[in-house]
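Read the numbers this way: they start at 1 and go in the same order the structure lists the ligands and their atoms.
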Amino acid sequence: MKFRKCSGLRGEIRVPGDKSISHRSVMLGSLAKGTTEIHHFLQGADCLSTISCFSAMGIPITIQGSTVLVKGKGLFGLHEPGQVMDCGNSGTTTRLISGILAAQSFTSTLTGDASIRKRPMKRIMTPLSQMGARIRSLAGNDCAPLEITGSALCGIHYQSPVASAQVKSAILLAGLYAEGETRVTEPYISRNHSELMLKSFGADIRTEGTTAILRPARELYAQKILVPGDISSAAFFLAAGVMIPGSELLVRNVGINPTRDGILHVLKAMGADLTLINEETHSGEPTADILVRSSSLHGTVIEGAIIPTLIDELPMIAAMACFADGDTIIRDAAELKVKESNRIQVMVQGLSAMGADVEETDDGMIIHGGRPLHGAVIDSRSDHRIAMTFAVTGCGVEGETEIVGADCVNISYPGFYQDLEQLMNG
Ligand code: S3P
């Protein structure tokens with residue numbers, strides 16, 4: 001797929017549903033009694049992996065356009081799957097389902113693609129084992145495939161060394177079945193979609209500072225869920241809109257949960273022209289339409305508590321920082337190394353190939369902005385966010401940019417290239 005400099009992005013766009021919320025709605029819908037109706041569900045490959053795992057465990061799930069119906073069978077209604085369950089490229093599927101499987105009355109095996117089979121699973125194996133789970137890495141390398149034999153669990157108070165919603169959620173989902181209270185304390189608060197959704201499904205859950213506290217559930221109740229647009233997908237257009245001269249675009253119905261909205265703060269701090277309109281809240285998840293216009297940007301420092309709130313947006317933010325005057329420093333973001341690719345290394349290599357002045361650090365990168373970029377051939381490394389980041393960047397620089405392995409955008413944003421093209425012609 002090839003991209004060239006455009007004269008600005010203009011028009012309106014509605015991005016697909018939030019990936020994190022789509023996963024969780026299928027999981028909780030499967031464990032609830034009754035039919036959960038999910039609107040604006042993300043039909044990306046990752047969320048389809050979650051659907052296929054729960055279908056394999058006997059949950060009837062139907063997809064009607066962008067609406068998904070999940071006929072939940074209650075907390076104890078899952079069946080032993082007749083096959084190894086394939087989580088594809090999805091860390092959220094692998095880690096969150098592990099928490100559920102840890103408490104079932106059967107043994108199951110989870111695997112995934114080459115990337116998933118390299119991503120760290122010890123971070124969930126340790127706390128789940130402390131709760132009483134029997135969970136084993138079949139290759140003995142603390143990665144998937146994981147064999148999980150359901151066991152009686154007990155609640156723990158886990159002090160997580162990382163701010164990770166996947167770790168927190170795996171423990172909370174296991175906690176639904178545990179004896180006694182389960183607490184997870186994080187260094188900084190990570191996205192809280194599990195907490196919000198568990199509450200709306202009827203679980204006894206509360207938060208104190210960076211600690212989520214859950215008591216075991218007797219029953220969860222089916223819900224109607226309206227999935228907001230994914231701010232992590234919107235991020236590509238928000239960045240494009242401010243960094244490409246001649247742009248003005250409106251991204252409709254974007255989830256702006258405060259545990260996810262770090263990019264909005266960074267855009268403001270960099271001097272972006274950005275306005276929120278039509279703010280609403282559905283099932284505890286706030287949304288807004290976001291208007292952006294091309295802006296003259298300056299560098300900023302991104303560190304500490306804001307990092308988990310924009311972790312998936314950092315590749316796009318790093319590229320945008322090349323279009324800003326002065327330095328942008330990203331630190332406390334070592335988690336980027338264990339995403340779908342090593343996103344620190346891959347971003348530094350890709351931006352350098354485009355002529356940027358960027359340094360790799362142990363836990364982030366330093367971007368010396370203002371140097372003009374040019375087109376390059378970029379390998380996505382099968383990482384959807386890398387492909388989208390460089391596609392957008394290619395629309396703002398001289399020369400031709402070619403994305404090799406461009407199809408991986410289907411993981412979180414099928415239709416991304418069509419939407420980008422529509423805005424280029426807007
Ligand atoms: C996610 C949590 C984040 C994020 C991922 C989705 C989730 O991962 O990067 O894309 O849905 O819980 P970590 O929990 O590993 O930070």
Side-chain angles (χ1 to χ4, degrees), residues 16-28 41-42 44-47 49-50 87-100 112 115-116 118-128 142-144 158 160-173 184 186-198 210 212 227-228 230-236 255 257 259-263 285 305-317 332-344 347 363 383-389 408-409 411-413:
D18 187 277
K19 181 155 80 72
S20 295
I21 297 175
S22 295
H23 280 297
R24 286 157 173 80
S25 55
V26 171
M27 294 182 188
L28 294 188
F41 180 83
L42 169 62
D46 270 11
C47 299
S49 293
T50 292
C87 302
N89 189 244
S90 175
T92 309
T93 309
T94 313
R95 297 196 177 110
L96 270 61
I97 289 193
S98 294
I100 296 170
S115 151
I116 271 296
K118 278 194 235 125
R119 293 182 67 188
M121 292 298 152
K122 198 176 167 88
R123 51 181 58 201
I124 54 152
M125 292 168 71
T126 300
L128 292 176
D142 293 328
C143 298
Y158 190 64
S160 181
V162 281
S164 160
Q166 293 180 358
V167 171
K168 172 174 64 178
S169 304
I171 300 168
L172 293 174
L173 289 167
V184 187
E186 309 184 87
Y188 298 120
I189 186 123
S190 65
R191 63 190 68 191
N192 66 355
H193 306 300
S194 295
E195 294 92 306
L196 293 175
M197 200 180 286
L198 278 162
T210 64
V227 181
D230 197 327
I231 191 166
S232 300
S233 298
F236 300 106
N257 177 318
T259 63
R260 291 286 298 284
D261 71 349
I263 187 167
E285 293 284 358
I306 200 169
I307 294 291
T309 73
L310 46 62
I311 189 75
D312 292 340
E313 291 68 79
L314 283 171
M316 191 64 249
I317 290 172
D332 303 322
E335 276 294 296
L336 287 179
K337 296 180 187 170
V338 292
K339 296 295 178 189
E340 286 82 332
S341 68
N342 177 340
R343 288 181 176 162
I344 296 183
M347 281 312 300
D363 63 350
D383 183 335
H384 52 132
R385 301 206 195 277
I386 297 298
M388 290 187 273
T389 294
C408 58
V409 302
I411 294 290
S412 63
Y413 197 156

Contact table ligand 1 N or O to protein N or O, d under 3.5 Å:
| from | atom 1 | to | atom 2 | distance (Å) |
| --- | --- | --- | --- | --- |
| ligand 1 | 8 (O) | Lys339 | NZ | 3.1 |
| ligand 1 | 9 (O) | Asp312 | OD1 | 2.7 |
| ligand 1 | 9 (O) | Asp312 | OD2 | 3.3 |
| ligand 1 | 9 (O) | Lys339 | NZ | 2.7 |
| ligand 1 | 10 (O) | Asp312 | OD2 | 2.8 |
| ligand 1 | 11 (O) | Ser20 | OG | 2.7 |
| ligand 1 | 11 (O) | Arg24 | NH1 | 2.9 |
| ligand 1 | 11 (O) | Thr92 | OG1 | 3.4 |
| ligand 1 | 12 (O) | Arg24 | NH2 | 2.6 |
| ligand 1 | 14 (O) | Ser164 | OG | 2.7 |
| ligand 1 | 14 (O) | Ala165 | N | 3.0 |
| ligand 1 | 14 (O) | Gln166 | N | 2.8 |
| ligand 1 | 15 (O) | Lys339 | NZ | 3.3 |
| ligand 1 | 16 (O) | Lys339 | NZ | 3.2 |

Quick one: side-chain contact (heavy atoms from CB on, under 4.5 Å) partners of Cys408, sequence neighbours excluded? Ser380, Ala387
How long is the gap from OG on Ser412 to CG on Asp312, to the nearest 0.5 Å? 8.5 Å
Taking every non-hydrogen atom, the tightest pair across Cys87 and Thr93: SG-CG2, 3.8 Å
Going by side-chain hydrogen bond (donor to acceptor under 3.5 Å, both in side chains), name the residues that satisfy it together with Ser341, two or more places apart in sequence or in a different chain. Asp383
Excluding sequence neighbours, so at least two apart, what forms side-chain hydrogen bond (donor to acceptor under 3.5 Å, both in side chains) with Arg123? Glu335
Show your reasoning for whether side-chain contact (heavy atoms from CB on, under 4.5 Å) applies to Leu314 and Arg385. CA-CA 10 Å; Leu314 283 171; Arg385 301 206 195 277; over 6 Å; no
